[in-house]
Amino acid sequence: GHLFIPLIEELFTTVIPNIVRFPEIGVNFLSRTINSVEVLNRIENIQRTIQPNKVIREYLFSDYLLLYVHDDNNVYLLSIKHHRQLKYKT
């Protein structure tokens, strides 16, 4: 609970304004190498829900990774994960 308020404050004071002002600030999430069928399946599921010409972008801030998609008028937040929630395969 005590980490939730600072996260929300940072999202609304810094992260979202940065993405709105510079929507391509995030890295293309799909440009990384995918080493897992499970991850590939999840990405394909996400891609089916967004327009074909949209790019899923990754924005890192504090201890969090945010995935988002944008168009000319909107930013859509897809996922926010703390770095301890992320699983990496080597």
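Sequential numbering from 1 along the given sequence is applied to the chain's residues. Just the heavy atoms: all of them, side chains too, but no hydrogens, waters or symmetry mates, feed the values below.
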For this session: Locate the shortest heavy-atom distance separating E58 from F29; write the atom from each residue and the value.
Result: OE2-CD1, 3.4 Å
For this session: Considering non-hydrogen atoms only, spot the tightest contact between P23 and H70 and give its length.
Result: O-CD2, 3.3 Å
For this session: Quick one: pull up CG in D63 and CD in E10 and give me the separation to the nearest 0.5 Å.
Result: 9.0 Å
Exercise. Does any non-hydrogen side-chain atom of V69 lie less than 4.5 Å from one of V75?
Worked result: no
Exercise. Atom OG in S62, atom CG in L7: separation rounded to 0.5 Å?
Worked result: 8.0 Å
Exercise. Relative to the ring of F61, is the ring of Y64 parallel (under 30°), tilted (30 to 60°) or perpendicular (over 60°)?
Worked result: parallel
Exercise. Should I8 and I5 be counted in the same cluster of Ile, Leu, Val, Met, Phe, Trp and Tyr side chains packed under 4.5 Å apart?
Worked result: yes
For this session: Could you walk me through whether R57 and L67 pass the side chain to side chain contact (heavy atoms under 4.5 Å, CB included) test, one step at a time?
Result: CA-CA 6 Å; R57 297 200 170 272; L67 298 182; over 6 Å; no
Exercise. Atom CG of L78 and atom CD1 of I80: how far apart are they, to the nearest 0.5 Å?
Worked result: 10.0 Å
Exercise. When clusters are formed by joining ILVMFWY residues with side-chain heavy atoms under 4.5 Å apart, either directly or through shared neighbours, do V15 and L77 land in the same one?
Worked result: yes
Exercise. Which atoms form the tightest heavy-atom contact between L30 and N28, and what is the distance?
Worked result: N-OD1, 2.9 Å
Problem set entry | CD1-CG distance between I16 and N18, expressed to the nearest 0.5 angstrom | 10.5 Å
Exercise. For the residue pair G26 and Y68, what are the closest heavy atoms and their distance?
Worked result: N-OH, 2.9 Å
Exercise. Under 4.5 Å between side-chain heavy atoms, hopping through other hydrophobics if needed: is there a path connecting L11 to F22?
Worked result: yes
For this session: Identify the two heavy atoms, one from I19 and one from I25, that lie closest to each other, and give their separation to 0.1 Å.
Result: CG1-CG2, 4.2 Å
Exercise. Just wondering, do S31 and V27 contact through their side chains at under 4.5 Å, heavy atoms?
Worked result: yes
